[in-house]
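Okay, structure first, notes after.
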Amino acid sequence: MYGMVNQAIEQMVCETHGEAAWEKIKEMAGIDVDVFISNEGYPDDYTYRLVAAASELSQTPANDILEAFGEHWVLRTALEGYGELMHAGGSNLKEFLVNLPNFHTRVVMIYPKLQPPSFDVSDVTEQSLLLHYHTHRDGLAHFVVGLVRGLGKMFKTPATITQQASRAEGADHDIFKVTW
Ligand code: HEM
């Protein structure tokens, strides 16, 4: 993944637990990188190892870290760094989610080697929809939960996200019901 992902983890850790915790996490993860470069590619494995080490150090389940990271990604990384792009995605939660299938197409213009996930929506009503998440990566469903929660906060529309199908449990892909 692009270095900006690991940079965002660094920012979240440093803000919540301080720089010493970040250095410790890199050491526990066996990652000898001083500074991540945002538009350079790194093995996905680095990101997974950083999340696992953060989980171990803070005695917090990895899924909780992924959810917190999803919120951080939307509210800090995306809104502060790519505000225009985020606002172009929609003017309310429903609109943003309905447009989500196209979102990374624009991100690819900035990061041409992006390997983005793909999203679909179905069963759209005034209060809810089903969000379908496809990826070649494992273990990131809780990141999506945090992302959607972050979008709910961005639009001041608290959202409930429940997983209706799980690839980890044999389903074809992850499906989330989002209600607001
Ligand atoms: C301007 C805002 C955004 C930027 C710049 C961005 C960029 C990225 C980058 C760089 C990656 C790592 C993949 C790679 O490097 O190949 C990624 C992954 C991902 N993005 Fe985005 N993204 C943005 C917004 C969003 C939003 C709003 C969502 C969904 C609500 C989202 C969902 C995901 C997911 C789930 C992944 C994990 C990779 C996977 O599932 O395979 N992103 N994105």
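Order of appearance sets the numbers: ligands from 1, and atoms from 1 within every ligand. What you see is a predicted model, and the numbers here were worked out from it, not measured in a lab. One-based numbering along the sequence shown.
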Inset, instruction - Return the residue, atom name and 0.1 Å-rounded distance of the protein heavy atom closest to atom 34 (C) of ligand 1. - result: P117 CG, 3.5 Å

Legend entry - Approximate separation, where rounding is to 0.5 Å, of L85 CG and H104 NE2: 9.5 Å

Legend entry - From OG1 (T105) to CG (L114), nearest 0.5 Å: 10.0 Å

Inset, instruction - Indicate yes or no: does an N/O atom of K113 lie under 3.5 Å from an N/O atom of ligand 1? - result: no

Inset, instruction - Treating Ile, Leu, Val, Met, Phe, Trp and Tyr as nodes and any side-chain heavy-atom pair under 4.5 angstrom as an edge, say whether L140 and V144 lie in one connected cluster. - result: yes

Legend entry - atom 6 (C) of ligand 1: nearest protein contact (heavy atom, Å): W73 CZ2, 3.6 Å

Inset, instruction - Using distance alone, determine whether H136 and ligand 1 share an N or O pair under 3.5 Å. - result: no

Legend entry - Contact atoms of ligand 1, heavy-atom distance to L85 under 4.0 Å: 1 (C)

Inset, instruction - Looking only at non-hydrogen atoms, find the nearest pair between Y133 and H173 and report the distance. - result: O-CB, 3.5 Å

Inset, instruction - Spell out, yes or no, whether I175 and V121 are grouped together once hydrophobic residues are joined by side-chain heavy atoms under 4.5 Å, including indirect joins. - result: no

Inset, instruction - Enumerate the atoms of ligand 1 whose separation from the nearest heavy atom of M1 is less than 4.0 angstrom. - result: 12 (C), 14 (C), 15 (O)

Legend entry - Considering all heavy atoms, the nearest A165-A171 contact: CB-CB, 4.0 Å

Inset, instruction - Check each of Y82, F96, F119 against F103 using the ring pair (Phe, Tyr, Trp, His ring centres under 6.0 Å) test, and report the only one that passes. - result: F96

Legend entry - Enumerated ligand 1 atoms positioned under 4.0 Å from heavy atoms of V144: 35 (C)

Inset, instruction - Before signing off on this row, confirm whether Q115 and ligand 1 have an N or O atom pair separated by under 3.5 Å. - result: yes

Legend entry - Which segment of L151 sits under 4.0 Å of ligand 1 when only heavy atoms are counted: side chain

Legend entry - Where ligand 1 meets A78 - atom numbers and elements under 4.0 angstrom, heavy-atom basis: 2 (C)

Inset, instruction - Select the closest option to atom 31 (C) of ligand 1 among H104, M154, H134, M4, judged by heavy-atom distance. - result: H104

Inset, instruction - Take the angle between the ring planes of W73 and F69 and call it parallel below 30°, perpendicular above 60°, tilted in between. - result: perpendicular

Legend entry - Heavy-atom nearest option to atom 3 (C) of ligand 1, drawn from Y82, F96, F103: F103

Legend entry - Atom of S58, atom of I65 and distance for their closest heavy-atom approach: OG-CD1, 3.8 Å

Inset, instruction - Note the single closest protein heavy atom to atom 5 (C) of ligand 1, along with its residue, its atom name and the distance in Å. - result: V107 CG1, 3.8 Å

Inset, instruction - Could you check which of L114, T77, V5 puts a non-hydrogen atom nearest to atom 14 (C) of ligand 1? - result: L114

Legend entry - Protein residue, atom and distance nearest to atom 40 (O) of ligand 1, heavy-atom basis: Y133 OH, 2.5 Å

Legend entry - Nearest-neighbour protein heavy atom for atom 41 (O) of ligand 1, which is reported as residue plus atom name and distance: T135 OG1, 2.5 Å

Inset, instruction - Report whether V145 and L130 are members of the same hydrophobic cluster (ILVMFWY, side-chain heavy atoms less than 4.5 Å apart, transitive linking). - result: no

Inset, instruction - Provide, to 0.1 Å, the distance between atom 15 (O) of ligand 1 and the closest protein heavy atom, together with that atom's residue and name. - result: Y2 N, 2.8 Å

Legend entry - Shortest non-hydrogen contact from I31 toward Y46: CD1-O, 3.5 Å

Legend entry - Option set R137, M86, E84, criterion heavy-atom distance to atom 13 (C) of ligand 1, minimum: R137

